[in-house]
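Reading through the structure tokens given below for one structure.
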Amino acid sequence: MTVNTALVDPFGRKVDYLRLSVTDRCNLRCVYCMAEDMTFLPRQQLLTLEELCDTAAAFVELGVRKIRLTGGEPLIRRDILSLVETLSSLPGLDELTMTSNGVMLPKMAQALKDAGLARLNISIDSLRAERFKSLTRVGDLAQVLVGIRAAVAAGFTKVKLNAVILAGFNDDEVLDLAHFAVDNGLDISFIEEMPLGEISSHSRSNTQISSEQLRQQLASEFSLLDTAETTGGPSRYFRVAHSPSKIGFISPMSNNFCSSCNRVRLTAQGRLLLCLGNEHSVDLRAILRRHPGDVACLKQHIIAAITKKPERHYFDPERTEIVRFMNMTGG
Ligand code: SAM
Ligand code: SF4
């Protein structure tokens with residue numbers, strides 16, 4: 001099979017992973033992700049179902065092998081099942097995955113699996129109901145736990161949990177979260193908080209805690225075996241001895257992983273972001289709407305955009321240089 005080299009950036013990195021944000025809206029308001037008072041995009045500014053499908057197809061023709069649907073909360077988009085159905089049958093796409101907060105999974109897990117979604121990441125930052133509510137401002141932990149069970153019952157290849165750990169908020173739950181994952185045969189990744197978007201709930205310089213600090217906590221109760229295994233994303237994984245579970249760390253603050261970056265993101269309004277921590281981007285919606293149905297033209301613009309991918313991000317928890325919130329960016 002010939003290797004498609006259309007999407008190789010100036011630093012020699014092959015882009016084969018697209019994160020597609022389908023909405024900036026959400027049914028939660030996590031304190032590290034959003035401000036309390038958010039203004040969301042008017043619906044006509046979002047890419048339509050057809051525009052999302054055309055763009056995804058163009059990326060896959062150019063060599064993208066994995067697409068993750070995200071947001072905002074992807075499951076609150078009304079046509080999400082049609083999108084999953086269309087994208088999962090794109091010839092050449094190896095894997096369609098999603099990151100969700102789990103709230104809608106009790107109702108939707110089986111339908112998503114049936115529509116062709118292969119893997120699912122579910123975000124859960126606390127196992128204590130009151131704390132879960134205060135971290136998400138409105139969330140009901142019980143609903144998310146039912147959602148996790150529904151995802152497991154639906155038979156996804158792998159269900160992985162994601163937890164953002166903030167010092168002083170939930171860093172005392174790292175062991176509990178890991179035990180919960182292992183006891184249920186799930187993987188879990190711990191994520192360092194990034195300074196994306198101006199928030200008022202806390203000072204991000206006070207809540208930083210590194211993956212290495214978490215790994216040391218975990219080593220007190222788990223035997224963590226180094227592994228080179230990857231799911232094509234930024235997580236660095238350890239196998240848990242005597243268990244099928246893996247524990248991963250996503251360390252954008254303490255361990256720059258840009259040299260192996262294989263990803264780009266498309267925001268819900270069709271802005272192709274070439275790096276999470278930089279503003280380099282191209283407005284694909286303008287191209288889609290100026291040349292409707294012209295896939296060749298879209299592909300030319302995507303190929304040109306990849307030449308603008310920056311070498312790396314520079315995050316400083318003392319300063320929010322990126323004013324875009326994570327729900328806009330697509331996590
Ligand atoms: N709503 C879905 C969810 O929460 O899983 C998908 C979108 S959310 C933006 C994707 C991931 O980004 C979640 O795991 C969330 O915890 C993480 N996230 C949000 N804001 C973040 C931040 N400032 N730093 C690090 N991770 C963040
Ligand atoms: Fe919503 Fe996900 Fe952001 Fe939480 S992290 S507010 S669930 S988009």
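Counting convention: from 1, in listed order, for ligands and their atoms alike.
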message: Counting backbone and side-chain atoms alike, is an N, O or S atom of Cys26 positioned under 2.8 Å from atom 3 (Fe) of ligand 2?
response: no

Near Gly71 (heavy-atom distance under 4.0 Å), the atoms of ligand 1 are 7 (C), 9 (C)

- Task: Decide whether the shortest distance between a heavy atom of Gly71 and an atom of ligand 2 is less than 4.0 Å.
- Result: no

For Ser201 and Glu36, which I'm curious about, is there any donor-acceptor pair between the side chains at under 3.5 Å?
no

Residue pairs passing the side-chain hydrogen bond (donor to acceptor under 3.5 Å, both in side chains) test with at least one member in residues 178-187, sequence neighbours excluded, are His179-Glu221

**Prompt:** Will you find, in the side chains of Ser254 and Glu212, an N or O donor that is under 3.5 Å from an N or O acceptor?
**Reply:** no

For residues 105-116, please give each side-chain donor-acceptor pair under 3.5 Å, one per line with the distance, not counting sequence neighbours.
| unit_1 | atom_1 | unit_2 | atom_2 | d |
| --- | --- | --- | --- | --- |
| Gln110 | NE2 | Asp114 | OD1 | 3.1 |

Cys33 heavy atoms within 4.0 Å reach ligand 1 at atoms 19 (C), 20 (N)

Counting heavy atoms under 4.0 Å, the part of Pro195 that contacts ligand 1 is neither

Side-chain H-bond candidate by donor/acceptor type, Arg19 with Tyr17, under 3.5 Å
yes

Quiz item: Does Glu193 pair with Arg204 as a salt bridge, N-O distance under 4.0 Å?
Solution: yes

Margin query: Donor-acceptor check, side chain of Ser220 to backbone of Gln216, threshold 3.5 angstrom: yes or no?
Written below: no

Ligand 1 to Glu73, heavy atom cutoff 4.0 Å, flagged ligand atoms 1 (N), 2 (C)

Worksheet item: Looking at ligand 1, does any of its N/O atoms fall within less than 3.5 Å of an N/O of Ser100?
Response: yes

* For ligand 1, is Leu196 a contact, meaning one of its heavy atoms is under 4.0 Å away? -> no

ask   = Have Ser210 and Glu192 got a donor and an acceptor in their side chains that come within less than 3.5 Å?
value = no

Quick look: Cys30 vs ligand 2, heavy-atom contacts under 4.0 Å, and the answer is both

* **Glu192 heavy atom under 4.0 Å from ligand 1** => yes

Counting heavy atoms under 4.0 Å, the part of Arg204 that contacts ligand 1 is side chain

A student checking ligand 2 against Gly72 at a 4.0 Å heavy-atom cut-off should list atoms 8 (S)

*Under 3.5 Å side-chain donor-acceptor pair for Lys160 and Ser189*: yes

Taking only non-hydrogen atoms of Asn162 and a 4.0 Å limit, the atoms of ligand 1 in range are 14 (O)

If you compare Val164, Ile165, Thr136, Leu69 by their heavy atoms, the one closest to atom 17 (C) of ligand 1 turns out to be Val164

Here the atoms of ligand 1 under 4.0 Å from any heavy atom belonging to Glu193 are 24 (N), 25 (C)

* Do Arg137 side-chain atoms and Met34 backbone N/O form a donor-acceptor pair below 3.5 Å? -> yes

The atoms of ligand 1 lying under 4.0 Å from a heavy atom of Thr70, numbered in the order shown, are 6 (C), 7 (C)

Arg68 and Thr99 side chains, donor-acceptor separation under 3.5 Å:
yes

Min over Ser123, Ala163, Gly72 of heavy-atom distance to atom 3 (C) of ligand 1 lands on Ser123

